[in-house]
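I have placed the structure first, in the form of structure tokens, so that the comments after it can refer back to it.
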Amino acid sequence: METSTPVIFEERENQIHRKGESPFNIDCNRDSLAGAISQRACVFCGSRVVLYPIADALHLVHGPIGCAVYTWDIRGALSSGPELHRLSFSTDLQEKDVIFGGEKKLYKALNELIDLHGPKAAFVYSTCIVGIIGDDLEAVCRKVSAEKKIPVIPVQSEGLKGNKREGYNAACKALFRLVGTGETDNISPYSLNILGDFNLAGEIWLIRDYFKRMGVEVVANITGDGRIADIKRAHGAKLNVVQCSGSTMDLANMMEETYGIPHIRVSYFGVEDMAQALYDVANYFGDSQMIEKTKELVKDELKVLYPELKKYKKALEGKKAAIYVGGSFKAFSLVKALRHLGMKVVMVGSQTGTKEDYAELEQITDPGTIIVDDTNPLELSQFIKEKGVDLFIGGVKERPIAYKLGVGFCDHNHERKIGLEGFEGMLNFAKEVYNTVMSPVWRFVPRNTTGDVKNV
Amino acid sequence: MSDDYTSTTNACKLCKPIGACLAFKGVEGAVPFLHGSQGCATYMRRYIISHFREPMDIASSSLGEKNAIFGGGANLKQGIKNVTTKYGAKMIGIATTCLTETIGDDVPSIIKQFRDEEKALFESDNSPLLVNVSTPSYGGTHMEGFHDAVKVLVDQIATEYGKDESINLLPGFVSPADIRYLKELLSDFNLEGVVLPDISESLDGPALLDYQKISEGGTPLSKIRSMGKARATIEFGRTIFGNLTAGKLLDSRFGVKNYSLGMPVGLRESDEFFSVLEEISGCKSPEKHVLERGRLIDSFVDSHKYIFGCKAVVYGEEDLVVGLTSFLAEMGVQPVLCASGGKSKKLNKEITAVTKGLVDLPIVRDGVDFYDIGEEVAELKPDLLIGHSKGYSLAKKYGIPLMRVGFPIHDRIGGQRVLHLGYRGAQALLDDLVNLVIEKKQNDSPVGYSYM
Ligand code: SF4
Ligand code: SF4
């Protein structure tokens, strides 16, 4: 592939695409390059993201302390009730466990924690070295499950088995073991499960409220503000609504295969996508009253939203944005939402996108836009400079790069404290972008003062 | 003593390699490199970044499943090569992880092989120095990782013999603000000194025009090379695990006299430090610092009534806990629990030493997590928590003010600028602490006092 700009890592050349410069053909889902400082996380991290918000389950990380301690309460997945998920449990394996095996310690730790906290189920995450020392997680979990009379589910999330994607898959497999074990009486014919929403900043409550206003029953939140009992009866729902990132897609597929529950893919982010999600659900059930109610709902919401958005758009018109997020599905919505604010997306990338995802991104972006898979700080900073970016949207690891170069930054990852989904969320997003881009501090940073202190 | 749990809940420690990465980050032109799978490096970067709010690159050999079976040597070599050619590292600090320790990768021999295979790379002027440390997390906490990394830096780089007038300062894991203060101090005493490691700029740098592949700052390699020539070493930390510290190594190998001191937190520990500086430099403490000391004592007097008998729980890294406990004791705050996730086996003895003369001695517990600390807090009903930001959930649960010090501080700005050391640091801590107590009192009172 020929590019007009120098590449930093030759081996990564095919993981970067500039729209319009060459036919689209991006490489992705490769192992991270040794020695390049990847922003990618591990399998375990992917599993944690998906299962973590289940608030009445015990989440025990079987491994050395680090894997647990770095994931302690790092995500703002809110719960309306129990908050067991916010504690960080670990078997904290020691040298002797590594030599003689960690099964005994795991067994004791599980018993102890179940007695202390009385969870509705337990997930046991396997980490890299557990895979190596060969503990039989399955056997320990089965034993404890029989003794304690709650589901105890191993999650095969050894970090080295790949990236986040495999972790999502391991989490879905774990969830699927719960689905189908509960009663499904009294579930409405107009019912669904919400998949792939983690209730950051209470977002799932908003979405549930929309569905309620439409007359649709939500059986299980998977997994934001999730409960074990709900997930057990999730197979009683008539539809799976899967949002973003593909993190729970595997579960939707398994449920479709086994229980014949169809799924639709949605995004709750941005005006068009949010409205589309609700319409898709209403149309699926095909109830004319429901369709009417949905139209009403969208109209009411937009009536409030649009005038408010206008003022932000005026200020933001023509500003340039770069996006780098975990899953590429989220990137689609972001591109659209930024366009809604009059902004131009000049770079977009993700950690775990598939070829199809990138092809779709290339479709909806403007010529010259950089599309990139699994990038690193060196490349990111080059793109920021090359494109003269005003706003960078990414996760917490990208923030210091943007800030160091004096570029505005918005967090669109799992740590955010501001709800961005739904119609309300779009307004929050506009505010957040506005507060970032319009801050007076950028005029002092070196890239806008050419180093002259008096040039402010 | 409450129950001894098998499981760990909300650990009060981090894993060993993160400490090594932090230490390596304090060497000029260095890139920390984790030999292991990708996840560990990404998690650690994230953890460090959330405190310092600065870029923090950690390279990784990104092992996959097949490497776990056949060994990670090839990935390690490829990774070193990439970091050398693409980042222009002057030094690569290689730390192992649980994974590579468990599969038994022999890093020193892999490095040796690599040198033989890549002659051209190592003959050039910009060939990087490769330093390696063994850091399986099941062998200790982040502090062991930190101190071990400092030790290998000295062990593997300090090779020059001779004598000069400089001194070595090994401060341990302190803040960039602390390091800046220490450097100012050395210069005020007219001492030529090398501070190792030095994260004062590499983890607290200015706004930039261009992204730096490797951030500026850090202890220059040339200075580490000549550490064996120094007149003396001052090493902070009395709870460093094991018997051979970097300071002792410099002593036994090069005959550099080692002054082992506690972390100079508060008046008395700072006095000890200053007297060593006076001894080594042959100068009296400069006026500026004498005045700072005087002001500190003056403020002790001004604030004694607000805090006397106030009960505090102190937790975190062992040496910081010792320093803080000493400080609390000398100003009339009652330390009721001194806790750490570390297990150097020296905590009890050191706490006893700095709390001599107290009527009620604090409970000392090492190897604990926040579940244990929480049980103690419920019992002890302290007025104040002192430690890093991970104690916040307890502070919230029990409605106790939390004074944030040390690492990490993930829920406030400026963690890298918290000054802990010397008279100046004690002054800053004192103002913070007393105001927290006053604020609580003021808020809890229905009167709305406007003079406190
Ligand atoms: S595997 Fe070891 S080195 Fe990696 S994060 Fe876990 S504890 Fe730390
Ligand atoms: S890569 Fe392995 S050891 Fe490291 S954080 Fe992930 S699971 Fe833990």
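Here the structure is a predicted model, which means the values were calculated and not measured. So that the names make sense, note that chain A is the first sequence line, chain B the second, and so on, each numbered from 1.
- Contacts from residues 10-21 of chain B to chain A, taken as heavy-atom pairs separated by less than 4.5 Å, involve Asn10(B), Ala11(B), Lys13(B), Leu14(B), Cys15(B), Ile18(B) in sequence order.
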task = Give the C-alpha distance, both sets of side-chain angles, the deciding distance and a yes or no for side chain to side chain contact (heavy atoms under 4.5 Å, CB included) between Glu101(B) and Ile129(A).
result = CA-CA 9 Å; Glu101(B) 290 286 339; Ile129(A) 66 164; over 6 Å; no
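- The minimum heavy-atom distance between Leu209(B) and Lys385(A), with the atom names listed, is O-CD, 4.3 Å.
- Contact of Ser50(B) with chain A is made through the side chain alone, with heavy-atom distances under 4.5 Å.
- Using a 4.5 Å heavy-atom cutoff, the side chains of Ile401(A) and Tyr211(B) are in contact.
- Closest heavy-atom contact between Val69(A) and Tyr47(B): O-CE1, 4.1 Å.
- The number of heavy-atom neighbours closer than 6.0 Å to NZ of Lys343(B), taken from other residues, nucleotides and ligands shown, is 12 or below.
- Counting heavy-atom pairs closer than 4.5 Å to chain B, the top-ranked of the candidates Lys105(A), Gln94(A), Lys108(A), Glu112(A) is Glu112(A).
- With sequence neighbours left out, His142(B) forms a side chain to side chain donor-acceptor pair (under 3.5 Å) with Glu317(B).
- Shortest non-hydrogen contact noted between Glu54(B) and Pro400(A) is C-CB, 3.4 Å.
- Arg46(B) has its side chain within reach of Ile74(A): a pair of non-hydrogen atoms, C-beta onward, lies under 4.5 Å apart.
- Proximity of Ile49(B) to Arg399(A): side-chain heavy atoms (C-beta onward) are nowhere separated by under 4.5 Å.
- When Leu34(B), Leu99(B), Thr97(B) are compared by the number of non-hydrogen pairs under 4.5 Å with chain A, Leu99(B) comes out ahead.
- In summary, Lys390(B) and Asp73(A) do not engage in a salt bridge, as defined by a charged side-chain N under 4.0 Å from a carboxylate O.
- For a residue to count as touching a neighbouring chain, one of its non-hydrogen atoms must lie under 4.5 Å from one of that chain's; by this rule Ser7(B) touches chain A with backbone and side chain alike.
- Relative orientation of the Tyr371(B) and His117(A) rings is perpendicular, given thresholds of 30° and 60° on the angle between their planes.
- In terms of heavy-atom pairs under 4.5 angstrom with chain B, the leader among Leu116(A), Asn111(A), Thr127(A), Val61(A) is Leu116(A).
- Between the OH atom in Tyr5(B) and the CZ atom in Phe89(A) there is a gap of 11.5 Å [rounded to 0.5 Å].
- Taking 4.5 Å as the limit, some side-chain heavy atom of Thr9(B) sits within range of a side-chain heavy atom of Leu113(A).
- Between Ser137(B) and Ile65(A), some side-chain heavy-atom pair lies under the 4.5 Å cut-off.
- Sparse packing is recorded around NZ of Lys81(B), with 12 or fewer heavy atoms of other residues, nucleotides or ligands lying under 6.0 Å away.
- Ranked by heavy-atom pairs under 4.5 Å with chain B, the first of Gly406(A), Ser90(A), Pro64(A) is Ser90(A).
- Heavy-atom distances place no part of Asp369(B) under 4.5 Å from chain A, backbone and side chain included.
- The CD1 atom of Ile133(A) lies 13.5 Å from the CD1 atom of Ile103(B); values are rounded to the nearest 0.5 Å.
- Judged by distance alone, the side chain of Gln38(B) and the main-chain N or O of Leu160(A) form no donor-acceptor pair under 3.5 Å.
- Considering only heavy atoms from C-beta on, Thr8(B) stays 4.5 Å or farther from Thr91(A) through its side chain.
- Within the 4.5 Å cutoff, no side-chain heavy atoms of Arg53(B) are placed close to those of Tyr403(A).
- Expressed to the nearest 0.5 Å, how far CH2 of Trp72(A) lies from NE2 of His410(B) amounts to 11.0 Å.
- For a residue to count as touching a neighbouring chain, one of its non-hydrogen atoms must lie under 4.5 Å from one of that chain's; by this rule Thr84(B) does not touch chain A.
- Counting all heavy atoms, side chain and backbone alike, Cys42(A) lies closest to Gly39(B) at CB-CA, 3.6 Å.
- With values rounded to the nearest 0.5 angstrom, Tyr138(B) atom OH is found 6.0 Å from Glu95(A) atom CD.
- The shortest distance between side-chain heavy atoms of Phe44(A) and Tyr43(B) falls below 4.5 Å.
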